[in-house]
Amino acid sequence: ETGVTQSPTHLIKTRGQQVTLRCSSQSGHNTVSWYQQALGQGPQFIFQYYREEENGRGNFPPRFSGLQFPNYSSELNVNALELDDSALYLCASSLGIGTGGEQYFGPGTRLTVT
Amino acid sequence: KNEVEQSPQNLTAQEGEFITINCSYSVGISALHWLQQHPGGGIVSLFMLSSGKKKHGRLIATINIQEKHSSLHITASHPRDSAVYICAVDPFGKDQFYFGTGTSLTVIP
């Protein structure tokens, strides 16, 4: 059984560019949630995907978008990057929604926007 | 105002000390989670609570739903406990969390 993996580990982009971050969920998990963690802060909920559909969204603009694939892996896309988008991006997978099951976090992708 | 407040923000302890980290929240919740984050970012789930108390090894977590407060205790602290401890609440029962800003713990040998 493999854990949650994310790629890339680190990324440097220029303001205005676009970025795609990837997350492979824990085997058998059909729910993926994405979080943004600025330096020195707690994570902030971006959105959640359940069985390939968006199932909830936090207070993030539409330039943050996502996808979940039939194998339940997921992508986070950010368009028109801004300096404040520099953060650690975490994904977490779980089985079902609100089932009381544990969420498993990936190691994160550290994005730096210059 | 953040829905989840943690205290203290930073904590330094001598090895062997008993440690308490507090979490207060302002929303109704279906569950509260305690998480551990090591340098570099990896997050591990320690506890999920909806009532009462849970214990795992030297870690104890309690929650008082009426007072909207939870505590994480570490007995006989060890340098390997050094990490950031984060409280997260699940208001809607959908595994969509509000997080505290974390408590950075350093245990000195």
Side-chain angles (χ1 to χ4, degrees), chain A residues 3-6 8-11 21 23 25-26 29-51 53-60 66 87-112, chain B residues 1-10 21-52 54 56 61 63 70 72 83-104:
Chain A
V4 179
T5 60
Q6 291 186 243
T9 306
H10 296 87
L11 198 53
L21 311 181
C23 173
S25 57
Q26 179 96 353
H29 284 185
N30 55 17
T31 305
V32 175
S33 301
W34 284 92
Y35 300 92
Q36 180 196 64
Q37 186 177 22
L39 197 61
Q41 302 295 316
Q44 299 277 326
F45 173 68
I46 304 175
F47 43 57
Q48 181 186 76
Y49 278 83
Y50 172 65
R51 292 185 173 178
E53 297 286 331
E54 187 177 292
N55 186 59
R57 188 180 183 92
N59 188 26
F60 280 81
L88 180 69
Y89 288 85
L90 295 158
C91 74
S93 75
S94 58
L95 179 59
I97 297 171
T99 58
E102 188 172 342
Q103 280 214 347
Y104 291 82
F105 286 82
T109 293
R110 187 163 297 282
L111 172 66
T112 302
Chain B
K1 183 183 181 298
N2 200 6
E3 291 85 356
V4 182
E5 300 280 351
Q6 283 186 239
S7 63
Q9 282 190 301
N10 296 285
I21 300 171
N22 295 300
C23 174
S24 296
Y25 53 92
S26 57
V27 295
I29 66 169
S30 66
L32 181 144
H33 295 248
W34 281 101
L35 309 165
Q36 181 190 57
Q37 186 170 33
H38 283 283
I43 291 180
V44 174
S45 178
L46 298 175
F47 294 103
M48 185 181 75
L49 295 162
S50 54
S51 65
K54 287 190 176 179
H56 184 249
I63 188 169
S70 176
L72 176 68
V84 175
Y85 292 84
I86 302 174
C87 170
V89 300
D90 183 359
F92 310 115
K94 293 185 177 181
D95 299 331
Q96 298 168 10
F97 297 156
Y98 293 154
F99 291 81
T101 54
T103 295
S104 179

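Since the model is a prediction, treat every value here as computed from it, not as a measurement. Every chain is numbered from 1 and lettered A, B, ... according to where its sequence line falls, protein lines coming before strand lines.
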What part of S45(B) lies closer than 4.5 angstrom to a heavy atom of chain A: side chain, backbone, both or neither?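 Answer is both: backbone and side chain atoms of S45(B) are under 4.5 Å from chain A.
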Chain A contact via I43(B) - side chain, backbone, both or neither, heavy atoms under 4.5 Å: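 Backbone plus side chain of I43(B), per the 4.5 Å heavy-atom cut-off to chain A.
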List the residues meeting salt bridge (Lys or Arg N to Asp or Glu O under 4.0 Å) with R57(A), not counting sequence neighbours, and say none if there are none. E54(A)
Answer with side chain, backbone, both or neither: which region of [X] has an atom nearer than 4.5 Å to a non-hydrogen atom of chain B?
{"X": "F47(A)", "value": "neither"}
{"X": "Q37(A)", "value": "side chain"}
{"X": "Q41(A)", "value": "both"}

Any non-hydrogen side-chain atom of Q103(A) less than 4.5 Å from a side-chain atom of D90(B)? no
side-chain hydrogen bond (donor to acceptor under 3.5 Å, both in side chains) involving Q36(B) - partner list, sequence neighbours excluded: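 H38(B), Y85(B).
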Looking at every heavy atom in both F97(B) and F45(A), which two are closest together, and how far apart are they? O-CB, 3.7 Å
Which atom pair, heavy atoms only, marks the closest approach of Q37(B) to L90(A)?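 Scanning both residues completely, I find the closest heavy atoms to be NE2-CD1, 4.4 Å.
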Using the rule given for side-chain contact (heavy atoms from CB on, under 4.5 Å), can you reason through D95(B) versus T31(A), listing the C-alpha separation, both sets of side-chain angles and the distance that settles it, and then say yes or no? CA-CA 9 Å; D95(B) 299 331; T31(A) 305; 5.6 Å; no
Which one, P43(A), P107(A), A92(A), G108(A), leads in non-hydrogen pairs under 4.5 Å with chain B? P43(A)
